[in-house]
Amino acid sequence: MVNPSKNQLIQIRNLTKRYEKLIAVDNLSLEIGQSEVFGLLGPNGAGKTTVIHMLATLLNPTSGSATVNGFDILEDPEKVRSSIGVVFQVPSSDDLLTGYENLKIHALLYGVKPDVREKRISAALELVGLTERKEDQVKKYSGGMRRRLEIARGLIHNPKVLFLDEPTLGLDPSSRETMWKYIQQLVKQEKLTIILTTHYMEEADMLCNRIGIIDKGKIIALDTPARLKSMLGGDIVKLKLKQDSNTDALKNLECISKIESVDGYLLLSVDDAKRNIPEILKHVEVESVEATSPTLNDVFLKLTGRPIKEQAEGGFMERYVQYDKH
Amino acid sequence: MYNTTSIRIYFDKIYALWLREVKVFFREKSRLVASTFTPLLWLFVIGSGFGSSTSISAHAVDYQKFIFPGIICMSVVFSSVFFGSYIIWDRKFDFLKSVMVAPVSRSTIFTGKTFGGMTNSLIQVSILLIVGLIIGVQFSPLALVQTVVIVLLLSFALTSLGLTLGSYMTSLEGFQMIVSFVVFPLFFLSGALFPIDKLPQWLSILTTIDPVTYAVDALRNIILGIGSHGLGLDLGVLLLYSCALGALGTYSFRRMKAV
């Protein structure tokens, strides 16, 4: 490595991408360390994909620069590309080829040596659970399988960094959960730095150990998921108590940071409600329980003072607009 | 040691790009059928239709055989230029992006793609040559080798042209323009369907600058023995066009935007 003293695998310095009227990425600086799972979280059009494209040397910044694995994205683009695997927002494997053929072609493109090539392909297929479908043409794959094939492809050359651009966009809930499972497995098995973009809070929460919230090309918050959420005082648990229920015991629970009484309901600010509700219910008798977690929208609203306008599922429009611009 | 490895890796990359094109070519059945069918339609309908009332008096060949070399070139023109401009699809479905994010230089991508296009053209031409045998065109083994050389040269030049055009296009709307303003003129002005010796001057000028003219003439020379230019001139001009268009294509790929 060129820069052994630094533990940071990715260093972004004042990265800016300006289109005619729009600043897609605005003077962004960021460091991402070895083995981090870093999430770039933001609404569509926030500049997430543009950041990935610049780090992957597909797009030149207007100003500023970055190094990936010690290589400058402007001076050493081919070495940067050798160090990274990229899973794009829209699956980009060839439909007419089989899963195996797609992987083989990419192994060749990445210069994976012949003596390890087949082993690497089998391992990648195994990792994403596609071994049995490897001889099928990709057009016969489901959306989730296509994404998983992309991940296998991104790993075929043992990259240092894997970029996942909206890995579950457009997937149905069960495929999304399967995808999360595979990504978590990946984090466990491979010593890999992962950078993923998403506009799903729960996704970032579940997968990442650090999150940068990005809006209008700027990072507006940077922290662990837990601390970001605690900015909002954690989850809200809404209890309808039975008549004679005594709430004193709740005051001593560590997981509860705030107790309010509103309209006959008890509102608790709870850290990690999913896990702590059973504990809470041991101390009070209730008629109903309702828990809500802070969403990206809540965090975003708090940070920017405006809600995210949820666009139609896709990011496609974002892509389309970028496409049109060139 | 380091050198042989890096050379092998370079050829692996070209091989990968080529392999993908050839596999897709064989699996895209409709493209394969359509692109073989059109030249046959020309050969049999135009060839027999005009053949019944037109005779190429200067040369003692019937019209169908006369246009056979032209139809071979036609199939190369269509398949090569289309192949190149199909790169818009690769871009639309992001396959191109996945190649560009690999450590592969743009000129390597261009080379691999071009080899793919040349292979596709050669396969189509092989089918036509078999049809030629059936309609009674005879060629020696030497003529066959020469035909392959000419076809590969023409295909290289025109695939480069198609890739160049495709690299500048962002939407499929431009595709129809290529058909009208590139493919058809290249074909019609080449003398594929008529002798080029006694043309009016304006047409003669256009025919002279069309690279396909030289391929048609060369193939007529090789297969029928009735060329208008010498084979050396044809070969020279085709080489020149190949170099120029190859360079243009490489340049266009270098400046092509990835996203």
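These values consider heavy atoms only, across backbone and side chains, with no hydrogens, waters or symmetry-generated copies. First the proteins, then the strands, lettered A, B, ... as listed; each starts at 1.
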Item to complete: Answer yes or no: is there a side-chain heavy-atom contact under 4.5 Å between Ser93(A) and Phe95(B)?
Response: no
Worksheet item: How would you list all residue pairs meeting ring-ring contact (aromatic ring centres under 6.0 Å, His included) that involve residues 76-97 of chain A, not counting sequence neighbours?
Response: none
Discussion item. Using 0.5 Å steps for rounding, measure from the CG atom of Asp90(B) to the CG atom of Asp94(A).
Written reply: 7.5 Å
Practice prompt. Test Arg20(B) against every option in Leu109(A), Ile105(A), Asn102(A), Leu96(A) by the side-chain contact (heavy atoms from CB on, under 4.5 Å) rule and name the one that passes.
Written response: Ile105(A)
Worksheet item: Are the side chain of Arg27(B) and the backbone of Gln137(A) linked by a donor-acceptor contact shorter than 3.5 Å?
Response: no
Item to complete: Mind checking the CG-CD spacing from Leu19(B) to Glu101(A)? Nearest 0.5 Å is all I need.
Response: 7.0 Å
Worksheet item: Out of curiosity, Lys113(A) NZ to Asp12(B) CG, how far, rounded to the nearest 0.5 Å?
Response: 11.5 Å
Item to complete: Looking only at non-hydrogen atoms, find the nearest pair between Ala102(B) and Arg81(A) and report the distance.
Response: O-NE, 2.9 Å
Worksheet item: Should we count CZ of Arg8(B) as having more than 12 external heavy atoms under 6.0 Å?
Response: yes
Worksheet item: Just wondering, are more than 12 heavy atoms of other shown residues or ligands nearer than 6.0 Å to OH in Tyr251(B)?
Response: no
Worksheet entry | Part of Ser105(B) within contact of chain A (heavy atom distance under 4.5 Å) | both
Discussion item. Given heavy-atom pairs under 4.5 angstrom as the criterion, report whether the side chain, backbone, both or neither of His157(A) touches chain B.
Written reply: neither
Discussion item. Show the nearest heavy-atom pair for residues Ala16(B) and Leu108(A), with the distance to one decimal.
Written reply: CB-CB, 3.5 Å
Discussion item. Nearest 0.5 angstrom please: Lys23(B) NZ to Leu97(A) CG, how far?
Written reply: 7.5 Å
Discussion item. Looking at every heavy atom in both Glu78(A) and Val104(B), which two are closest together, and how far apart are they?
Written reply: OE2-C, 4.3 Å
Worksheet item: According to the ring-ring contact (aromatic ring centres under 6.0 Å, His included) rule, which pairs have a member within residues 104-130 of chain B, sequence neighbours left out?
Response: Phe110(B)-Phe253(B)
Practice prompt. Measure distances from Thr57(A) to the heavy atoms of chain B and classify the residue's part below 4.5 Å as side chain, backbone, both or neither.
Written response: neither
Discussion item. So for Pro77(A), is it side chain, backbone, both, or neither that comes closer than 4.5 Å to the heavy atoms of chain B?
Written reply: neither
Practice prompt. Determine whether more than 12 heavy atoms belonging to other residues, nucleotides or ligands lie under 6.0 Å from atom CZ of Phe181(B).
Written response: no
